[in-house]
Amino acid sequence: MAHRDGTDELVVRARGGDGDAWARLVERHSGLLWSIARSHGLNDADAGDVVQTTWLRLVERIDGLREPAAMACWLATTARHESLRLVRRRGRDLPRVPAPREPEPGPDRVVAARERLGRVGAALEALPRRCRTLLRLFALAPSHAELAAALGIPVGSVAPTRARCLDALRRLVP
């Protein structure tokens, strides 16, 4: 089944070496990659490196993509991984400043926190699948653009859908 925005066809054509298809894919998805890189606090040069490396990874692995329509998700995930790799590498170059230590919580606070976490987990499982997926991915996605790409929804739909899902979750957690 063809993807509604023609991504399937563009990926197939790009696999075959069609430069116009590559250009359209780059035009269509570069904004997403830049937003992911910038959401990790990278400067313009480092964000550019992440975007370029992500496209290089796609060139290297495009023949292995089983679902061409999932390419945007693959790109978003790859950009996130490349951004995190660069942040970690840059972090090694910075002097280490120890973080202030938080006081250890007492046993009663630990038990209460675990019980609440269990209630939230049970409520999450009771939500419709779409809400469960959105909320779980939201915890991992560095940006609304990446989340929208992963879910295949418009970026403008992320916040209102998330708000509705969180409202439903709040009603289920005692």
Side-chain angles (χ1 to χ4, degrees), residues 1-8 10-11 24-44 46-48 50-51 53-55 57-58 65-88 90-91 99-100 102-103 105-106 108-174:
M1 180 168 123
H3 197 256
R4 70 175 190 264
D5 66 1
T7 298
D8 287 357
L10 289 174
V11 170
R24 289 184 59 201
L25 288 171
V26 169
E27 179 182 322
R28 186 177 288 180
H29 298 288
S30 285
L32 168 68
L33 303 182
W34 276 95
S35 69
I36 291 168
R38 297 296 288 163
S39 74
H40 284 83
L42 298 175
N43 62 34
D44 287 342
D46 288 341
V50 165
V51 171
T53 301
T54 301
W55 285 114
R57 298 285 179 257
L58 180 61
L65 284 179
R66 288 177 289 218
E67 295 182 40
M71 186 206 61
C73 295
W74 186 94
L75 284 170
T77 301
T78 302
R80 193 180 95 238
H81 287 238
E82 290 297 329
S83 296
L84 291 171
R85 183 186 59 74
L86 191 57
V87 165
R88 281 192 297 271
R90 292 285 185 253
E102 299 266 337
D108 55 335
R109 290 186 59 198
V110 171
V111 168
R114 285 188 180 168
E115 287 174 355
R116 176 144 175 88
L117 184 60
R119 290 191 308 269
V120 170
L124 188 61
E125 290 304 315
L127 290 174
R129 186 169 61 100
R130 180 178 177 173
C131 280
R132 283 194 316 263
T133 302
L134 184 141
L135 292 175
R136 285 181 175 139
L137 288 177
F138 189 83
L140 303 172
S143 72
H144 283 201
E146 182 182 8
L147 183 59
L151 296 172
I153 63 174
V155 173
S157 297
V158 171
T161 304
R162 177 179 170 258
R164 286 190 297 275
C165 291
L166 285 173
D167 285 343
L169 183 62
R170 283 185 195 103
R171 287 190 301 271
L172 292 172
V173 176

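Excluded from the calculations below are hydrogen atoms, water molecules and symmetry mates; all remaining heavy atoms, backbone and side chain alike, are included. By convention here, the first residue in the shown sequence is residue 1.
- The line from CD1 of Ile153 to NE2 of His144 is 9.5 Å long, rounded to the nearest 0.5 Å.
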Exercise for the section: Please step through side-chain contact (heavy atoms from CB on, under 4.5 Å) for the pair Asp44 and Arg38, ending with a clear verdict. Expected result: CA-CA 8 Å; Asp44 287 342; Arg38 297 296 288 163; 3.3 Å; yes
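- A pairwise comparison of heavy atoms in Ala149 and Leu32 identifies CB-CD2, 3.8 Å as the closest pair.
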Handout entry: Residue pair Met71, Leu10: steps toward the side-chain contact (heavy atoms from CB on, under 4.5 Å) verdict
Key = CA-CA 10 Å; Met71 186 206 61; Leu10 289 174; over 6 Å; no
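- When side chains are defined from C-beta on, Val50 counts as touching Leu42, because their heavy atoms get closer than 4.5 Å.
- We find the CG-CG distance between Leu58 and Leu65 to be 6.0 Å, quoted to the nearest 0.5 Å.
- The nearest pair of heavy atoms linking Ser157 to Pro160 is O-CD, 3.5 Å.
- Residues Glu67 and Trp74 form no side-chain contact, since every pair of their non-hydrogen atoms from C-beta on lies 4.5 Å or further apart.
- For Asp167 and Arg164, the salt-bridge test fails: no basic side-chain N is under 4.0 Å from an acidic carboxylate O.
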Problem - side-chain contact (heavy atoms from CB on, under 4.5 Å) between Val173 and Arg116, intermediate numbers included - result: CA-CA 8 Å; Val173 176; Arg116 176 144 175 88; 3.3 Å; yes
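- Rounding to the nearest 0.5 angstrom, the gap separating the OG1 atom in Thr54 from the CD1 atom in Ile36 is 8.0 Å.
- Taking OG1 of Thr78 as the reference point, atom CZ of Arg57 lies at 8.5 Å (rounded to 0.5 Å).
- Shortest non-hydrogen contact noted between Leu33 and Trp55 is CD1-NE1, 3.2 Å.
- Between Ala145 and Val155, the shortest heavy-atom contact is CA-CG2, 4.0 Å.
- Using modelled atom types, one side-chain atom of Arg132 and one backbone atom of Leu127 make a donor-acceptor pair closer than 3.5 Å.
- Pro68 approaches Asp8 most closely through the heavy-atom pair C-OD1, 3.6 Å.
- Minimum interatomic distance between Arg162 and Leu135 (heavy atoms only, all atoms of both residues): CG-CD2, 4.3 Å.
- Judged by distance alone, the side chains of Thr133 and Arg130 never bring a donor and an acceptor atom under 3.5 Å apart.
- Ion pairing between a basic and an acidic side chain is recognised when a charged N comes within 4.0 Å of a carboxylate O; Glu27 and Arg24 show no such pairing.
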